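All values derive from a computational prediction rather than experimental measurement. Both counts, for ligands and for their atoms, begin at 1 and track the order of listing.
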Amino acid sequence: MGNRIIFGKPDIKKEDIQSAVDVLRSGWIGMGAVTEALERAFVKFTGARYAAAVTSGSSGLFLSMLASGIGKGDEVITSPMTFPATASEVIHTGARVRFVDVDSTGNIDAAKIERAVTRKTKAILPIHLHGRPCDMSAVMSLARKHGLMVIEDAAHAFGATYRGKSIGNIGDATVFSLYATKNITAAEGGVVTTSNKKIADRIRLLRSYGITKTAWSRFGKKNNKMPYDTLIPGYNFEIPDLLSAIALSQMKGYARKSARRKLIWDRYNRHFQQLPIGLPPLYSEGNHGMHLYAISVDREKTGMDRETVRRRLNAMGIGTGIHFVSLHLHSYFRDTYGLKPGDFPNALRISRQTLSLPLASGMTEHEVNRVIQSVKRIFNG
Ligand SMILES: *Cc1c(COP(=O)(O)O)cnc(C)c1O
């Protein structure tokens, strides 16, 4: 059967390792010039005017909302089919989460957003689930109509495009994650892109303790009486150059990674077409980010529930993931907002049926074939 196929295995090449070693040997491993280079690379890649690198996608979401003026008494509209951080970061700002159900793609149902808007609503926070961009045209026009900010959770959507624009260059701020399993990774890290200078400046200030000078510029200059000033009580969400170097190197190899993902994605589609399972819905507005390849297991059609399939693949040495169990089924959100399973019927159904198969640019041909053969064996009966 061979070795286990790890779900979400990072694609680390010798150039990535070398770039980390170079930083370790350089005499400066904290946030500095390499992080600035990473930010410039994100500006170039997305087309947004500014980019600010931070310690994680989560801290990027938090700072984007703070920088947009979101806080106590405000409401943020998002969908529950996401990782807990999306909603938890809203709560950390002091605001309240307003969930709106997803459509059959797993993305926020734009047609249901308007009825969730209240006088307190400040922002819409769409998630590009699995790398599939949301209906941004509808989201943006609703936001403009009601004077709301749009902050995108693009943790899955590095490399995705929508109607000729890169994800990262549409909403008021877009948050990418560099976590271990994402399309490109630094183990941990995040980047916010925006074309709003006020938001970019505010994020940079909050990220670096709320003080006027970064360590990088502080230590480079001659000492005077007051080397820096505290403008607001900020945070330490500075990403070290050690990690930025890995992310930057990962970005340089992205064309190859993306081509490899597409090849695997298309092969899965071709081989699974005849099986009684749901496949990722077609995306025709640009490039899908292809972060996660999720099948849908409907007990009525397969005679098996998702957990059985997951267990059987696991026994065959194939790791899988669930993205996600809807947040309205998690204790905190259920209890805090008094939510019932049936409140978001599409999110509920997807929570029960979705199963993410291994999809990583570092997968070998042999591994891809093993996934295909194993899935076929389960569903061909
Ligand atoms: C990974 C992820 C995050 C959080 O990113 P971190 O870098 O791990 O903090 C947020 N939202 C979604 C949808 C994610 O998948």
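There is a path of hydrophobic side-chain contacts, each under 4.5 Å, that joins V368 to L313. By the rule that hydrophobic residues join a cluster once side-chain heavy atoms approach within less than 4.5 Å of another member, Y293 and V371 end up as members of one cluster.
With sequence neighbours left out, R98 forms a salt bridge (charged side-chain N to carboxylate O under 4.0 Å, His left out) with E75. Evaluation of the salt bridge (charged side-chain N to carboxylate O under 4.0 Å, His left out) rule for D11 yields K13, R256 as partners, not counting sequence neighbours.
The other members of the hydrophobic cluster of I17, by chain and number, are I12, V21 (side-chain heavy atoms under 4.5 Å, ILVMFWY only).
Within the 3.5 Å criterion, the main-chain N or O of T35 finds a donor-acceptor partner in the side chain of D241.
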Need the list: ligand 1 N/O atoms against protein N/O atoms, distance under 3.5 Å, rounded to one decimal.
| from | atom 1 | to | atom 2 | distance (Å) |
| --- | --- | --- | --- | --- |
| ligand 1 | 5 (O) | S177 | OG | 3.4 |
| ligand 1 | 7 (O) | G57 | N | 2.7 |
| ligand 1 | 7 (O) | S177 | OG | 2.6 |
| ligand 1 | 9 (O) | G57 | N | 3.4 |
| ligand 1 | 9 (O) | S58 | N | 2.9 |
| ligand 1 | 9 (O) | S58 | OG | 2.6 |
| ligand 1 | 11 (N) | D153 | OD1 | 3.3 |
| ligand 1 | 11 (N) | D153 | OD2 | 2.7 |
| ligand 1 | 15 (O) | H156 | NE2 | 2.8 |
| ligand 1 | 15 (O) | K182 | NZ | 3.0 |

